[in-house]
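See below for the structure under consideration.
Keep in mind that this is a model prediction, so the values were computed, not measured. Whatever order the structure lists them in is the order used to number ligands and atoms, beginning at 1. Sequence positions, counted from 1, serve as the residue numbers for this chain. Quick note: numbers below take in every heavy atom, side chains included, and nothing from hydrogens, waters or symmetry partners.
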Amino acid sequence: MIYLPDRQNNTESGATIVLGITGGIAAYKAVEVARRLMDKGIHVLPVMTDEAMQFIGPLTLSALCSEPVQSSLFNSTNPIPHTRLAQRANVIAIVPATANFIAKLSCGLADDLLSTTVLASKAPVIVCAAMHTEMWENAAVAHNIEILQSRGMHIIPPDEGKLAGGDSGVGRLATIDTIVEHIESVLHMVTGNDRSDSNTRKTDSNTTKTDSTGNSSGDHSAKDLAGYKVLVTAGGTREPIDAVRVITNRSSGKQGYAVAMNAYNRGAEVTLITTVDGVVSPDIRRIFVETAAEMEKEVLNYSTSADIIVMAAAVADFRPTIQSHTKLHRSDGIVQLQLEPTSDILAGLAAKHTPGQIIVGFAAEIGMDEESAQKKLTSKGIDIIVLNDITSAQAGFDSPNNEVVIMDSDGVRIEVPLLSKDTVAGVIMDVALTRLKDTRHYTG
Ligand code: CTP
C-alpha cells in the first residue's frame with residue numbers, strides 16, 4: 001500500500017487552480033509547475049488525461065498537489081467531478097497542451113474529464129502549447145490557436161529549443177518561470193484585486209500630482225464607465241521585410257493591456273486591437289494584428305462607435321516599400337531597404353472625431369520632453385496625450401511600472417510618479433472620463 005503525505009491545506013492565497021496535464025513529453029514539467037504553485041500557497045487540483053499517464057505516473061502529482069489526481073469522468077463518490085472542478089477553479093492551466101487537446105478545445109469536445117471541465121467552467125483558461133515544430137506550424141493547429149484566442153483563452157506559445165527525438169526548433173514548452181508568472185497574473189486578475197486604485201484631481205491651476213502611492217479615494221467599484229465603449233490599441237506593429245524578417249520596436253503592450261483591463265473593470269465595453277498576447281478578461285473583444293495597415297483597418301472598423309479611444313500602440317512610422325514573399329538569402333548580398341511612411345492612425349482618427357468622442361494618444365520620447373508631447377497633442381488634433389520616457393530604467397518598455405505626464409488640449413497637466421502600469425491606466429481613464437463628461441456637458 002502506498003501512503004500519500006498529508007494534504008497541504010493551501011488556502012493561504014485563497015486561489016484554486018485546476019492544473020490539466022495532457023499527453024506530451026513535456027508532461028513531467030507540470031510537476032515542477034505544480035510544486036511552484038503550491039509553494040505560493042495556491043490550491044492545486046491536478047487533472048490528467050489517459051495519454052498524460054503514459055508519460056508520468058499520477059502518484060507524483062497526487063503526492064505533491066493539494067488533492068489527488070483526477071482523470072475519470074466516472075467516479076463512484078462524486079458523480080459529476082467535472083462540474084465540481086469547473087466551479088472550484090479560479091483558473092484552469094493546461095501544461096502541456098498537445099495539438100490534439102488544442103483541437104478538442106477548439107471544437108468544444110467533452111470526451112474526457114479535462115476537456116469536460118474546461119467546457120463546464122467560466123474560469124480563464126491558460127493553454128501552454130508544446131509539440132513538434134511541424135505540428136505547431138501546421139495550418140490546422142494555427143487555426144485552432146486563433147479560435148482559442150478569439151474566445152479569450154490565454155495562449156503561452158512554445159519556445160525554440162531541443163525537442164523529443166533529438167530534433168530542435170519551435171515547440172518546446174515555455175519555461176516554468178514564464179508559465180508560473182502567467183498563471184499568477186491571471187489569478188491576480190480574477191481573484192478580485194481591484195487594480196483601479198488611482199485618483200486624479202483637477203485644480204484651479206490645472207496642474208496636479210497624484211500621490212506617490214497612487215491610492216486615494218477614487219471608487220471605481222462604482223462601474224463609472226458602464227455604458228461606454230472604449231477602444232484600446234497595444235503593442236508594437238511588425239512590418240515585414242521578407243517572409244521571416246520584420247521591422248518592429250520594443251513595445252511590450254503592457255500599458256495598453258492595463259488600460260483595457262481598467263476600462264473593463266469599470267464597466268466599459270472594451271475592444272483591444274493588439275499585436276501581442278497578454279493577460280486580459282475573456283469578455284474583452286480582442287483583435288490580433290501585425291502591421292500598421294492592419295491596425296489602421298481594425299481601428300477604423302471600431303472607432304466610430306467608441307466613446308474613448310486610447311492609442312497606446314507603438315505604431316511603425318515606416319515600412320519597407322517592397323516586401324519579399326520569400327526569404328532573402330545572405331548569399332544574395334546586402335539589400336538596400338527602401339522605406340515608405342505608414343499612415344498616422346491617430347491623426348486620421350482625430351480628423352474623423354465623432355462629436356463627444358475622446359481621443360488619447362501616447363508620446364514616446366527620449367526624456368520627459370513635454371514640448372514634443374505638446375506638439376503631438378496639437379498637430380495630431382487629439383484631446384489627451386500621455387508622455388512617457390522610453391529611456392527610463394524603471395519605466396521603460398518591458399517594465400511593469402510607468403511614470404507619465406498627462407496633458408490635455410485645455411491645458412490640464414497631471415504628473416503621475418513611478419507607479420504600476422495598472423495604476424497609471426486608472427489615472428489615464430480618470431482623465432479621459434472627466435474630459436468625456438465635460439465635453440458632453442458643454443455640447444449637450
Ligand atoms: N501613432 C499612430 N500612427 C503612427 C504612428 C504613431 O497612430 N503611424 C500614434 C501612437 O499610437 C501614439 C502617438 O501616435 O499614440 C504618438 O506616437 P509616437 O511614436 O510617440 O510619435 P510619432 O507620431 O510616431 O512621432 P515620432 O516618431 O516622430 O516621435
Side-chain angles (χ1 to χ4, degrees), residues 230-240 246-260 262-263 271-276 278 287-304 306 308-321 339-353 357-392 395-397 402-409 416 421 424-425 427-429 431-432 435:
V230 176
L231 173 63
V232 185
T233 64
T237 58
R238 288 185 282 272
E239 309 300 327
V246 293
I247 296 178
T248 189
N249 57 67
R250 293 171 51 212
S251 169
S252 65
K254 284 182 181 161
Q255 188 62 75
Y257 267 76
V259 169
N262 183 275
T271 302
L272 176 61
I273 298 170
T274 177
T275 63
V276 288
I287 297 157
F288 287 90
V289 294
E290 287 268 324
T291 64
E294 286 168 16
M295 182 168 278
E296 182 181 29
K297 182 171 164 267
E298 294 299 343
V299 164
L300 293 178
N301 257 345
Y302 291 95
S303 60
T304 325
I308 298 172
I309 303 174
V310 183
M311 279 291 299
V315 185
D317 289 316
F318 300 97
R319 68 171 156 243
T321 313
L339 302 178
E340 63 184 13
T342 57
S343 347
D344 187 328
I345 305 174
L346 193 55
L349 283 174
K352 292 196 181 79
H353 219 247
Q357 183 179 62
I358 299 303
I359 301 183
V360 184
F362 274 67
E365 305 295 340
I366 307 288
M368 278 299 194
D369 186 346
E370 292 194 28
E371 208 181 309
S372 176
Q374 187 65 53
K375 268 191 203 147
K376 283 180 190 172
L377 176 69
T378 318
S379 66
K380 294 186 190 239
I382 57 176
D383 304 286
I384 297 166
I385 196 133
V386 182
L387 162 66
N388 63 330
D389 173 8
I390 46 171
T391 60
S392 159
F397 279 118
N402 210 353
E403 183 176 2
V404 302
V405 175
I406 305 173
M407 294 182 266
D408 87 352
S409 53
V416 186
K421 285 186 174 166
V424 172
V427 183
I428 295 168
M429 289 314 295
V431 179
R435 180 72 194 249

*What's the verdict on side-chain contact (heavy atoms from CB on, under 4.5 Å) for Glu365 and Lys376, showing C-alpha distance, side-chain angles and the deciding distance?*
CA-CA 11 Å; Glu365 305 295 340; Lys376 283 180 190 172; 2.5 Å; yes
*Give yes if a backbone or side-chain nitrogen or oxygen of Ala363 is under 3.5 Å from a nitrogen or oxygen of ligand 1, and no if not.*
no
*How far is atom 10 (C) of ligand 1 from its nearest protein heavy atom, and which residue and atom name does that atom have?*
Ala313 O, 3.4 Å
*Among all protein heavy atoms, pick the one closest to atom 7 (O) of ligand 1 and tell me residue, atom and distance.*
Leu346 N, 2.8 Å
*Please indicate whether any nitrogen or oxygen in Met311 is less than 3.5 Å from any nitrogen or oxygen in ligand 1.*
yes
*Heavy-atom contact under 4.0 Å between Ser343 and ligand 1?*
yes
*Please lay out, stage by stage, how Val310 and Phe362 fare under the test side-chain contact (heavy atoms from CB on, under 4.5 Å).*
CA-CA 8 Å; Val310 183; Phe362 274 67; 3.8 Å; yes
*Is the shortest distance from a heavy atom of Lys380 to ligand 1 less than 4.0 Å?*
yes
*In the protein, what heavy atom is nearest to atom 3 (N) of ligand 1, and what distance, to one decimal place, separates them?*
Ile345 N, 3.1 Å
*Heavy atom of the protein closest to atom 17 (O) of ligand 1 (residue, atom name, distance)*: Phe362 O, 3.5 Å
*Might you point out which heavy atoms bring Met295 and Ala234 nearest each other, and give the distance in Å?*
CE-O, 4.0 Å
*How does Ala314 reach ligand 1, if at all, at less than 4.0 Å between non-hydrogen atoms: by side chain, backbone, both, or neither?*
neither
*Assess whether atom CD of Glu340 is packed by more than 12 heavy atoms of other residues, nucleotides or ligands within 6.0 Å.*
yes
*Using a strict cut-off of 4.0 Å, indicate which atoms of ligand 1 neighbour a heavy atom of Asp344.*
2 (C), 3 (N), 4 (C), 7 (O), 8 (N)
*Where is the tightest heavy-atom contact between Val315 and Ala292, given as atom of each residue plus distance?*
CG1-CB, 3.6 Å
*asked:* Taking a cutoff of less than 4.0 Å between a non-hydrogen atom of the residue and any ligand atom, is Ala364 in contact with ligand 1?
replied: yes
*Taking C-beta and beyond as the side chain, do Met429 and Ile308 meet within less than 4.5 Å on heavy atoms?*
yes
*Identify, for atom 29 (O) of ligand 1, the protein heavy atom at the shortest distance, and state residue, atom and that distance.*
Lys376 NZ, 2.7 Å
*Smallest separation among heavy atoms of Gly235 and Val276, with atom names*: CA-CG2, 4.0 Å
*At a 4.0 Å threshold, what atoms of ligand 1 neighbour a non-hydrogen atom of Ala316?*
8 (N)
_Tell me which one of Thr291, Thr237, Thr233 satisfies side-chain contact (heavy atoms from CB on, under 4.5 Å) with Thr275._
Thr237
*Which ligand 1 atoms are under 4.0 Å away from a heavy-atom of Gly361?*
15 (O)
*asked:* Using 0.5 Å steps for rounding, measure from the CD1 atom of Ile385 to the CD1 atom of Ile428.
replied: 11.5 Å
_Gap separating the CG atom of Asp389 from the CD1 atom of Ile366, nearest 0.5 angstrom_ = 7.5 Å
*Using a 4.0 Å heavy-atom cut-off, say whether Val315 meets ligand 1 through its side chain, its backbone, both or neither.*
both
*In terms of residue, atom name and distance, what is the protein heavy atom nearest to atom 27 (O) of ligand 1?*
Asp317 OD2, 3.0 Å
*Got an N/O contact under 3.5 Å between Ala312 and ligand 1?*
no
*Atom CZ in Arg435, atom CD1 in Ile359: separation rounded to 0.5 Å?*
11.0 Å
*Please identify which atoms of ligand 1 are closer than 4.0 Å to at least one heavy atom of Thr342.*
8 (N)
